Amino acid sequence: MAYWLMKSEPDVYSIDDLKKDKREPWDGIRNYQVRNMFRDQMKIGDLAFFYHSNCKPPAVAGIMSIASKAYPDATQFDPKSRYFDGKSDPENPRWLLVDVKYKRKLKREITLSELKEHKKLQDFRLNQRGNRLSVIPVTKKEWNLILNLE
DNA sequence: GCCAACGTTGGC
DNA sequence: GCCAACGTTGGC
């Protein structure tokens with residue numbers, strides 16, 4: 001089983017929204033590296049941190065599981081959506097997504113600055129500068145270290 | 001609001 | 001295929 005961290009801006013979609021919805025398509029990904037991770041690496045049952053980005057403070061807020069295989073993101077064909085992509089061919093959709101399922105909120109949020117301070121997380125992808133991927137792989141070791149901060 | 005990092009686009 | 005211009009992400 002693999003572990004992930006997935007970013008979302010809480011103003012747009014937060015862990016509390018997912019708690020309410022229980023299960024939701026993780027739509028709007030328009031980055032090929034992330035699409036390929038969805039397609040090639042994510043498996044049903046994988047676990048992912050729900051990370052609140054672009055907010056104060058940025059932090060890991062909860063845990064969810066991957067609930068589907070990758071399938072086409074419907075928003076790419078919806079002209080009203082901000083994620084619309086007119087160049088995507090319905091016969092061969094460019095953008096994929098996975099469904100995620102709410103598991104739980106962390107007992108407390110673990111902030112980015114805490115993660116940065118952690119000696120054993122210096123190599124963690126989220127802590128490296130210029131990291132702009134909205135979905136990043138997490139090793140089992142990193143996963144456990146982060147959960148231990150809870 | 002600023003800006004560093006980095007992906008994408010398009011002219012050549 | 002190169003690379004300048006531009007757009008986006010996201011911490012600060």
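So that the names make sense, note that chain A is the first sequence line, chain B the second, and so on, each numbered from 1. This is a predicted model, so every value here is computed, not measured.
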Short N/O separations, protein against nucleotides 6-10 of chain B, under 3.5 angstrom:
{"residue": "dC6(B)", "atom": "O4'", "partner": "Arg132(A)", "partner atom": "NH1", "Å": "3.3"}
{"residue": "dC6(B)", "atom": "O2", "partner": "Arg132(A)", "partner atom": "NH1", "Å": "2.6"}

- Partner set under ring pair (Phe, Tyr, Trp, His ring centres under 6.0 Å) for Tyr71(A), not counting sequence neighbours: none
- Note on the structure: When rounded to whole Å, the CG to P distance for the pair Leu126(A) and dC12(C) reads 10 Å
Could you tabulate the donor-acceptor pairs under 3.5 Å formed by side-chain atoms of residues 56-70 of chain A, not counting sequence neighbours?
{"residue": "Ser68(A)", "atom": "OG", "partner": "Asp99(A)", "partner atom": "N", "Å": "2.8"}

- Taking side chain to side chain donor-acceptor pair (under 3.5 Å) as the test, write out the residues that go with Ser113(A), two or more places apart. Thr111(A)
- Heavy atoms of other groups near Asp89(A) CG, more than 12 under 6.0 Å: yes
- Taken in chain and number order and not counting sequence neighbours, the residues that satisfy ring pair (Phe, Tyr, Trp, His ring centres under 6.0 Å) with Tyr51(A) are none
- Item | Set of side-chain contact (heavy atoms from CB on, under 4.5 Å) partners for Asp85(A), sequence neighbours left out | Gln76(A), Lys87(A), Ser88(A), Arg94(A), Trp95(A)
- Mind checking salt bridge (Lys or Arg N to Asp or Glu O under 4.0 Å) for Lys105(A) and listing every partner two or more places apart, or none if nothing turns up? Asp16(A)
- Task: Give, ordered by number, those residues of residues 49-58 of chain A having at least one heavy-atom distance below 4.0 Å to an atom of DNA chain C; if nothing qualifies, reply none.
- Result: Tyr51(A), Ser53(A), Asn54(A), Pro58(A)
Polar atoms only, N or O, under 3.5 Å: list the protein pairs with nucleotides 3-5 of chain C and their distances.
none

- Pairs touching residues 39-48 of chain A that satisfy side-chain hydrogen bond (donor to acceptor under 3.5 Å, both in side chains), sequence neighbours left out: Trp4(A)-Asp46(A), Asn36(A)-Arg39(A)
- Taking only residues two or more places apart in sequence or in another chain, which ones pass ring pair (Phe, Tyr, Trp, His ring centres under 6.0 Å) with Trp143(A)? Tyr3(A), Phe49(A)
- Query: Which residues pass the side-chain contact (heavy atoms from CB on, under 4.5 Å) test with Asp11(A), sequence neighbours left out?
  - Reply: none
